[in-house]
Engineer: 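Structure incoming, see below.
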Amino acid sequence: MPELPEVETTVRAINKFENEKLVAVIIHNRNLRWKVDKTIEKKIVNKKITKISRRAKYILIQFEDLYIMLHLGMSGNLRIQRNNNNHFKKHDHAEFVFKDEKIIFNDVRRFGSIHLTKNPFDHELIKVLGIEPLSNQFNEDYLYEVCKNSNLEIKKILMDQRKIVGVGNIYASESLFLSRISPERIGKKLSIKDCSNLSNSIKKVLKEAIKMGGTTLKDFYSADGNQGYFKIKLNVYGKDGQLCNSCNNIITKKIIGQRSTFMCSKCQN
DNA sequence: CTGAGATCCTGTCTGC
DNA sequence: TGCAGACAGGATCTCA
């Protein structure tokens, strides 16, 4: 489910809990992508959240002396629910309870995770991450550096979180369409001009998607219960067999790096 | 070091 | 209907 725009949307929805004190923590299932730390409940309960932010696809919740990091994996999401509402859903794995409301972590496939850490920026999963695509460091020069010696398809490069973070399967296909570059183009064949187009397209697509609250294909909901409306702006993702908006050619699907990839072979070279 | 492929898990949809 | 198989927004691990 969640790529950078969906995670960012989720972070904005739970931001209101900054400066609130956690009054209870309940972990129903510790068997997520990684086992949830057994001491997490007692280490964060009764502590105040000082900051909620995002790094790549991780949600960082800072307390006075430590952090928890959440990753939503493929199917995870958070939902805010009033404490007097006792409705639970299948696959609700954790509850973070505040005075009036709680944040519930739900994840059907359990590819998501919850980590406890003193400093996320020293955490092994965070340390290996590449740069943020919406930062100034991400530009044509950076992308060119990353591509110029690579024999991999550009789509694989874009989705490699060690190089660029936050871009997943939807936004990789969409950015490549916007920049008219084929997902199959080999990294080293990209010119600086291509990298300029592509880096700009990535920023544009991600910013627009954030503005629309992310993309809901089927089960992404932000923590406030809203779905994301970027789906109506998708040009190629999930549209194989349909006509390209730009040239009326048929959009095709192809597996690249074990992931479905959508493109217009007439517009993209 | 690189890169390809398997793998974790549950649910839904398609085709026979 | 039933059932097998493919596929789904991610990312790590193993092996060549």
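Labels below follow one simple rule: chain letters A, B, ... track the order of the sequence lines, proteins then strands, and each chain is numbered from 1.
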Engineer: Closer than 4.0 Å, any side-chain N/O of A/Arg259 to the OP1 or OP2 of C/dA11?
Structural biologist: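 Answer is no, no contact under 4.0 Å.
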Engineer: Quote, to the nearest angstrom, the P distance that separates C/dC3 from B/dC9.
Structural biologist: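 About 24 Å, rounded to a whole number of Å.
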Engineer: Parallel, tilted or perpendicular: which one describes the rings of A/His93 and A/Phe105, with boundaries at 30° and 60°?
Structural biologist: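 It falls in the tilted class, 30° to 60°.
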Engineer: Does the plane of the ring in A/Trp34 sit parallel, tilted or perpendicular to the ring in A/His115? Use 30° and 60° as the thresholds.
Structural biologist: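 Plane angle between 30° and 60°, so tilted.
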Engineer: Going by purine N1 to pyrimidine N3 plus the second Watson-Crick contact, or the G-U wobble pair, all under 3.5 Å, which nucleotide sits opposite B/dC9?
Structural biologist: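 Because no pair has both required distances under 3.5 Å, B/dC9 counts as unpaired.
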Engineer: What's the shortest heavy-atom distance between A/Ser199 and A/Glu140, and which atoms?
Structural biologist: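 Between these two residues, the closest heavy atoms are OG-N, 3.5 Å.
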Engineer: Tell me if the side-chain of A/Arg110 makes a donor-acceptor pair with the base of B/dC9, cut-off 3.5 Å, by modelled atom types.
Structural biologist: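 No pair found.
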Engineer: If I take atom CG in residue A/Asn106 and atom P in nucleotide B/dC9, what distance separates them, rounded to the nearest angstrom?
Structural biologist: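 After rounding, the gap between these two atoms is 17 Å.
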Engineer: Round to the nearest Å and state the distance from A/Met159 atom CE to C/dA11 atom C1'.
Structural biologist: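 Checked: the CE to C1' distance equals 9 Å.
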Engineer: Name the nucleic acid region contacted by A/Ser113, choosing base, sugar-phosphate or nothing; use a 4.0 angstrom heavy-atom cut-off, strictly under.
Structural biologist: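 Answer is nothing: A/Ser113 stays at 4.0 Å or more from every strand.
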Engineer: Using Watson-Crick or G-U wobble geometry with both distances below 3.5 Å, tell me the partner of C/dG9, or none.
Structural biologist: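 Answer to the pairing question: none, since C/dG9 forms no Watson-Crick or G-U pair.
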Engineer: Are A/Phe111 and the base of B/dC8 stacked, counting only ring centres nearer than 5.5 Å and planes tilted under 30°?
Structural biologist: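 A/Phe111 ring centre within cut-off of B/dC8 base, planes near parallel; stacks.
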Engineer: In plain terms, say whether A/Asp240 and A/Lys254 are close enough for a salt bridge, that is, a side-chain N and a carboxylate O under 4.0 Å apart.
Structural biologist: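 Salt bridge between A/Asp240 and A/Lys254, a charged N being under 4.0 Å from a carboxylate O: no.
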Engineer: CD1 of A/Ile186 versus P of B/dT2: gap in Å, rounded?
Structural biologist: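 Taking CD1 of A/Ile186 and P of B/dT2, I get 16 Å after rounding.
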Engineer: For A/Tyr221 and C/dG9, what is the distance between atoms OH and P respectively, to the nearest whole Å?
Structural biologist: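 After rounding, the reported distance stands at 17 Å.
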Engineer: Is A/Arg54 paired with A/Glu132 through a side-chain N to carboxylate O contact shorter than 4.0 Å?
Structural biologist: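 Yes.
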Engineer: Identify, between A/Lys253 and A/Gln258, the residue whose nearest nucleotide on DNA chain C lies closer to the 5' end.
Structural biologist: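 By nearest-heavy-atom nucleotide position, the 5'-most residue is A/Lys253.
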Engineer: Whole-Å distance between C/dG9 P and A/Gln227 CD?
Structural biologist: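 Taking CD of A/Gln227 and P of C/dG9, I get 18 Å after rounding.
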Engineer: Pick base, sugar-phosphate or nothing for A/Lys57, based on heavy-atom distances below 4.0 Å to the nucleic acid.
Structural biologist: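 The residue A/Lys57 makes sugar-phosphate contact but no base contact.
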Engineer: State which of C/dG9, B/dT10, C/dT12 makes the closest approach to the side chain of A/Val108.
Structural biologist: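 The closest nucleotide is B/dT10.
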Engineer: May I have the distance from A/Glu3 (atom CD) to C/dG10 (atom C1'), rounded to whole angstrom?
Structural biologist: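 In whole Å, C/dG10 C1' and A/Glu3 CD are 9 Å from each other.
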Engineer: Does A/Arg109 place a side-chain N or O at less than 4.0 Å from the phosphate oxygens OP1/OP2 of B/dG11?
Structural biologist: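 Negative; the distance criterion is not met.
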Engineer: Using the side-chain heavy atoms of A/Ser260, tell me which of these nucleotides is nearest: B/dT12, B/dG3, C/dC7.
Structural biologist: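 In terms of side-chain proximity for A/Ser260, the closest of B/dT12, B/dG3, C/dC7 is C/dC7.
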Engineer: How do A/Lys156 and A/Lys90 order along DNA chain B: which one's closest nucleotide is nearer the 5' end?
Structural biologist: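 Looking at the nearest nucleotide for each, A/Lys156 comes out on the 5' side.
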Engineer: Taking CG from A/Leu32 and C1' from B/dC8, how many angstroms apart are they, rounded to a whole number?
Structural biologist: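 After rounding, the gap between these two atoms is 12 Å.
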Engineer: Could you measure between the two C1' atoms, the one in C/dG9 and the one in B/dG3, and give it in whole Å?
Structural biologist: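 To the nearest whole Å, 24 Å.
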Engineer: Take atom CG of A/Leu72 and atom C1' of C/dG9, then tell me their distance rounded to the nearest Å.
Structural biologist: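 Going from CG in A/Leu72 over to C1' in C/dG9 covers 10 Å.
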Engineer: Would the number of heavy atoms belonging to other residues, nucleotides or ligands and lying under 6.0 Å from CD1 of A/Ile192 be above 12?
Structural biologist: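 It does: A/Ile192 CD1 has more than 12 such atoms within range.
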Engineer: Please determine if a side-chain N or O atom of A/His91 lies less than 4.0 Å away from the OP1 or OP2 oxygen of B/dG11.
Structural biologist: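 Yes, A/His91 has a side-chain N/O under 4.0 Å of OP1/OP2 on B/dG11.
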Engineer: Hey, is the side chain of A/His71 poking within less than 4.0 Å of OP1 or OP2 on C/dG10, counting only N and O atoms?
Structural biologist: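 Answer no for this pair, as no side-chain N or O of A/His71 is under 4.0 Å from OP1 or OP2.
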